[in-house]
Every structure is written in structure tokens, then in C-alpha cells.
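A short write-up of the structure that comes next.
For the single chain, residues carry numbers from 1 onward in sequence order. When reading the values below, keep in mind they use all heavy atoms of this one structure, side chains included, and skip hydrogens, waters and symmetry mates.
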Amino acid sequence: MADPAKKPAKSVTNDTELLEAPAGPSIDAEDVARFSALAAKWWDVKGEFAPLHKFNPTRVSFIRETVQDHFQRDPYALKPFEGLRLIDIGCGGGLLSEPMRRMGFEVTGLDASEKNIGTARAHATQGGLDIRYMAQTVEQLAASGEEGFDVVLTMEVIEHVNDPESFLKTCASLVKPGGLLFVATLNRTLKAHALGIVAAEYILQWVPKGTHDWNKFLKPEEIEGFLSDTGVNPDPATGVSYNPITARWALSNDTSVNYMIVARRDLI
């Protein structure tokens, strides 16, 4: 909770007003509408996004440790990433953008849903966080001549777009020399269908029915193929697995359901 004696940082209120309506070849209007309908519930830890709240600590730790090692930052510093620019593409309500800002990154949160951006901006303002939120697609941002970023995140987003190859190539184009691209998604396997759709949506009802389309899940080698001529070089995929006994997520060698890939652009 924010200190009541501390004046909240001013939020960027004009971005949405001044931008064109979100548009681009990768945008899936149905998915944008689906998430827009849930926009007010992003920060409800017991609501539709409860599984993402449980998943978040694992991906935050993975990002933090990877960036620390790559940029040789002090792991004991309060804000180890000051001076680095980060963009959270498909930021939703800001569940990743906020912890990234608290660790010192200069953060831009991008989402095609204006309602999501409204929720994200309001929550950041309540917490006194100066995050630049924009209701825009990555294609629009790239076309604007935006300066590159040290870290580009697209986490649990690519399985919701219409043209994943074009989308990912555009994301990669925003990575500065020496920077990092993080991609997280679900693998197109029978196990992912059973756990990520049948169990999560219909049996356990962790997420609303229709949240995922198995045909849009991507295999790690497909991600690697999309990045093959972008100038960013992917590391082997890292699995993320759920332990039903402890009700916790953890990094693993099993990439058959959830996985994350880090890709690195060489210094020129």
C-alpha cells in the first residue's frame, strides 16, 4: 500500500487520448474484447486472473535473475535496473509492469485494450508508480520511430495474436543492441491441451472458458524460427511447471506446457 504521506507520482494521462485506435495485422479483436471485459478484475487475486497472480512471482524472478546476469547488475541493490528501458508488450492490468518499475526500470506498458490500460494506469497511480502506459499495438509503436529498449517483454501474449510471426519480429525490432527479448507462451502439445484448456478452463475453472485456442499455441522451435533472421539469438527454452501439492509454479526442464525463451541481441 502506498504511503499516504507520499504524493503519488503523476501518471501519463495523455497517451491514450493522443494515439490512434489500436490497430495492426496481429491484433485479434475477439481476444481484445474478451480481456477488455475483464479489465476491472486484473488486480483481484481471487478473481479470473488468480492463476496469473500465482504464476507472477516465478516469471518476475526469472526476468530479474536473467537481466542481472546479462547486464552484470548488483543483485543486492534496491533498484538494480536503474538506467535501463523496459517495455511490457500486452501488459494487461500491469501485473508485470509494476514490479519491473519497482526494480528501477524505466517502464512502458503497451496494450491493445484501452480498458486494460485504464486499469493499469489507475493502479500504478494509487501505488505512486510513474509508468508510461499506452493503448496501442506494437506495430503502431514500432512505426512511430520509438527508441529501442534494453528489455522487451511479451509474456503470455503471442498465443492471443493473429500473426505470431509478424508480431514477434516487430517485438524483436524494438530490442536495442545488447538487449534482451523475453517470450512466454504455451506449447502446442496434447499435454498443454489437457492441462491448459480442458483442466484450467473446464474442470478447475481457473480461467474463463474460451481464454485459449490450442491451435494458437506455439512450439519452442517455431518461436526460434520466427526469430531466425531478426538479429536476436534465442537461448534454449525454460519450462515452467505447476506443482498441485504445493500449489506453486517453478522453473523446470519440462517445456511441454508452459515455457519461456530469452533472446539476446549482440552489441554492434
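- No donor-acceptor pair closer than 3.5 Å links the side chain of R73 to the backbone N or O of K79.
- The number of heavy-atom neighbours closer than 6.0 Å to CG of N243, taken from other residues, nucleotides and ligands shown, is above 12.
- Across V152, D150, T230, I87, a single residue satisfies side-chain contact (heavy atoms from CB on, under 4.5 Å) together with V175, and that is V152.
- Across all their heavy atoms, S228 and G225 have their closest contact at OG-O, 2.8 Å.
- In terms of heavy atoms, F49 sits closest to K41 at CD1-O, 3.5 Å.
- Of all heavy-atom pairs between V232 and P234, the closest is O-CD, 3.6 Å.
- Here the straight-line distance linking atom CZ of F167 with atom OG1 of T137 works out to 9.5 Å at 0.5 Å rounding.
- Closest heavy-atom contact between G178 and H70: O-NE2, 2.7 Å.
- Side-chain contact between R59 and E156 is present, with at least one heavy-atom pair separated by less than 4.5 Å.
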Distance-only check: which donor-acceptor pairs under 3.5 Å involve side-chain atoms of residues 88-96, not counting sequence neighbours?
{"from": "D88", "atom 1": "OD2", "to": "S97", "atom 2": "N", "distance (Å)": "3.4"}
{"from": "D88", "atom 1": "OD2", "to": "S97", "atom 2": "OG", "distance (Å)": "2.9"}

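- Atom CE of M260 sits about 7.5 Å away from atom OG1 of T58, to the nearest 0.5 Å.
- L174 pairs in a side-chain contact (heavy atoms from CB on, under 4.5 Å) with only one of the listed residues (L110, T154, L141), which is L141.
- Atom CD of E221 is surrounded by more than 12 heavy atoms from other residues, nucleotides or ligands within 6.0 Å.
- Residue pairs meeting the ring pair (Phe, Tyr, Trp, His ring centres under 6.0 Å) criterion with at least one member in residues 80-125, sequence neighbours excluded: W43-H123, F81-F105.
- Of all the heavy atoms in R64 and P80, the pair that sits closest is NH2-CG, 3.8 Å.
- Taking CG of L84 as the start and CE of M100 as the end, the distance is 12.0 Å to the nearest 0.5 Å.
- Judged purely by atom type and a 3.5 angstrom limit, H53 uses its side chain to pair as donor or acceptor with the backbone of W42.
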Could you list the donor-acceptor pairs under 3.5 angstrom formed by side chains in residues 181-192, with sequence neighbours left out?
{"from": "T185", "atom 1": "OG1", "to": "E159", "atom 2": "OE1", "distance (Å)": "2.8"}
{"from": "N187", "atom 1": "ND2", "to": "T255", "atom 2": "O", "distance (Å)": "3.0"}
{"from": "R188", "atom 1": "NH1", "to": "F217", "atom 2": "O", "distance (Å)": "2.8"}
{"from": "R188", "atom 1": "NH1", "to": "E222", "atom 2": "OE1", "distance (Å)": "2.9"}
{"from": "R188", "atom 1": "NH1", "to": "E222", "atom 2": "OE2", "distance (Å)": "3.4"}
{"from": "R188", "atom 1": "NH2", "to": "E222", "atom 2": "OE2", "distance (Å)": "3.0"}
{"from": "T189", "atom 1": "OG1", "to": "A192", "atom 2": "N", "distance (Å)": "3.0"}
{"from": "T189", "atom 1": "OG1", "to": "S256", "atom 2": "O", "distance (Å)": "2.6"}
{"from": "K191", "atom 1": "NZ", "to": "D254", "atom 2": "OD2", "distance (Å)": "2.8"}

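- Atoms CD and CD, from E146 and Q136 in turn, are 8.5 Å apart once rounded to the nearest 0.5 Å.
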Practice prompt. Test K54 against V45 for side chain to side chain contact (heavy atoms under 4.5 Å, CB included), laying out the working first.
Written response: CA-CA 8 Å; K54 290 184 177 181; V45 297; over 6 Å; no

Worksheet entry | Trace of the side chain to side chain contact (heavy atoms under 4.5 Å, CB included) decision for L218 with F226 | CA-CA 11 Å; L218 294 164; F226 294 161; 4.1 Å; yes

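- More than 12 non-hydrogen atoms from other residues, nucleotides or ligands lie less than 6.0 angstrom from NZ of K176.
- Taken from CG in N258 to OG1 in T238, the straight-line distance is 12.5 Å, to the nearest 0.5 Å.
- The CZ atom of R101 lies 4.0 Å from the CG atom of D130; values are rounded to the nearest 0.5 Å.
- Side-chain contact between P57 and R248 is absent, with no heavy-atom pair separated by less than 4.5 Å.
- Contact record, E98 with Y133: CG-OH, 4.2 Å, taken as the closest heavy-atom pair.
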